Amino acid sequence: MAEQTAPPQSVAGPPGGTAITAEAKPDAAVVRDALGVGIAVGLSGFAFGVTSAGSGLSLLQTCALSLLVFTGASQFALVGALAAGGNPYTAAAGAFFLGVRNSFYGLRLSQLLALPRALRPLAAQWVIDETTAVTLPQPTRRAARIGFTVTGLTLYVLWNLTTLVGALGAEALGDTAAWGLDAAGPAVFLALLAPMLKSTTERVTAALAVVLALGLLPVLPAGVPVLLAALAAPVVLFLMGRGKDGLMGRGKDGTPDEPAGEAGQGQEAEKATAKTGAPRTITQEDGR
């Protein structure tokens, strides 16, 4: 059977410009990528099941967390705090703060997917790191919907099945803390995220976010350092803007200096044309 491809779709271009036609991506390629992420991360639900059971939660409580909460970072934060002897309300608050990031994902995905209103409450359950990572790079709405659906379905089913298996097998593993299984979920996500950091700006932003999160971790409640690490993006953008302004230079009145060289001569030509109504050749002396 021939491989299906989505027809080209037009996406919005720059203001005042024309629409840009996005190149279609084969459906099979989208499904393959989505399955790869869903299976890889879904299997790490075993680590959560083991960790949760080792922290004292019952089988029913462990499975309910995966079924209803379904966001690995928040789940690991909750059971980790409980295993350390933390207050249940404090542990729940930390897990909540970590889950807030999914709300921001939802704002972007709602525009990209444009799902019918009846499906949005169901789709909201699958708005997590992995589905967002698969959906955003897709070139068309069709590909985005396929990527989101396949990733969400695969991950939800596998995560819950492996959570059950992990909780049932926790006793056979003995001391679950010695295995370090709570790091499996974040490690998988980092492996997915790393190839997406292609530019220097993205790498610097990611590095600063890591520094902020690790530096604030000992002094703030669980979940808050991750949220504050998002400040790395505006900080890097601000510093980049200041750097560009510094390279361009500014005049006494605070406005950017006119560029030198051929660009400056071009501006002189425009001024001469505006005054005389006829083009004027700018000589080297004028450029000086």
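Only a predicted model underlies this, so the values are computations on that prediction, with no experimental measurement involved.
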TODO: Please determine if Lys25 and Asp33 form a salt bridge, counting it only when a charged side-chain N lies under 4.0 Å from a carboxylate O.
DONE: yes

Open item on the list: Can you list everything that forms a side-chain hydrogen bond (donor to acceptor under 3.5 Å, both in side chains) with Thr131? Sequence neighbours excluded, please.
Closed with: none

Open item on the list: Under the rule for side chain to side chain contact (heavy atoms under 4.5 Å, CB included), what residues qualify as partners of Val157, not counting sequence neighbours?
Closed with: Leu153, Leu161

- [ ] Taking side chain to side chain contact (heavy atoms under 4.5 Å, CB included) as the test, write out the residues that go with Val100, two or more places apart.
- [x] Phe96, Phe104, Leu227

- [ ] Could you name each residue pair satisfying salt bridge (charged side-chain N to carboxylate O under 4.0 Å, His left out) that touches residues 87-102, not counting sequence neighbours?
- [x] Arg101-Asp129

- [ ] Sort and list the pairs that fulfil side chain to side chain donor-acceptor pair (under 3.5 Å) and have at least one residue in residues 203-221, not counting sequence neighbours.
- [x] none

- [ ] Under 4.5 Å between side-chain heavy atoms, chaining through other members, with only Ile, Leu, Val, Met, Phe, Trp and Tyr counted: pull out the rest of the cluster around Tyr89, sorted by chain and number.
- [x] none

- [ ] Hydrophobic side-chain clustering at under 4.5 Å (ILVMFWY, transitive links): who's grouped with Leu214? Put none if nobody.
- [x] Val210

- [ ] Could you list all the salt bridge (charged side-chain N to carboxylate O under 4.0 Å, His left out) pairs where at least one residue sits in residues 108-121, not counting sequence neighbours?
- [x] none

TODO: Using the salt bridge (charged side-chain N to carboxylate O under 4.0 Å, His left out) rule, collect all pairs that involve residues 58-87, keeping only residues at least two apart or in two chains.
DONE: none

Open item on the list: Among residues at least two apart in sequence or on other chains, which ones pass side chain to side chain contact (heavy atoms under 4.5 Å, CB included) with Leu164?
Closed with: Leu59, Cys63, Leu168

- [ ] Just jot down the side chain to side chain contact (heavy atoms under 4.5 Å, CB included) partners of Val31, sequence neighbours excluded, or say none.
- [x] Leu35, Ile146, Val150

Task: Pairs meeting criterion salt bridge (charged side-chain N to carboxylate O under 4.0 Å, His left out) with involvement of residues 79-94, two or more places apart - done: none

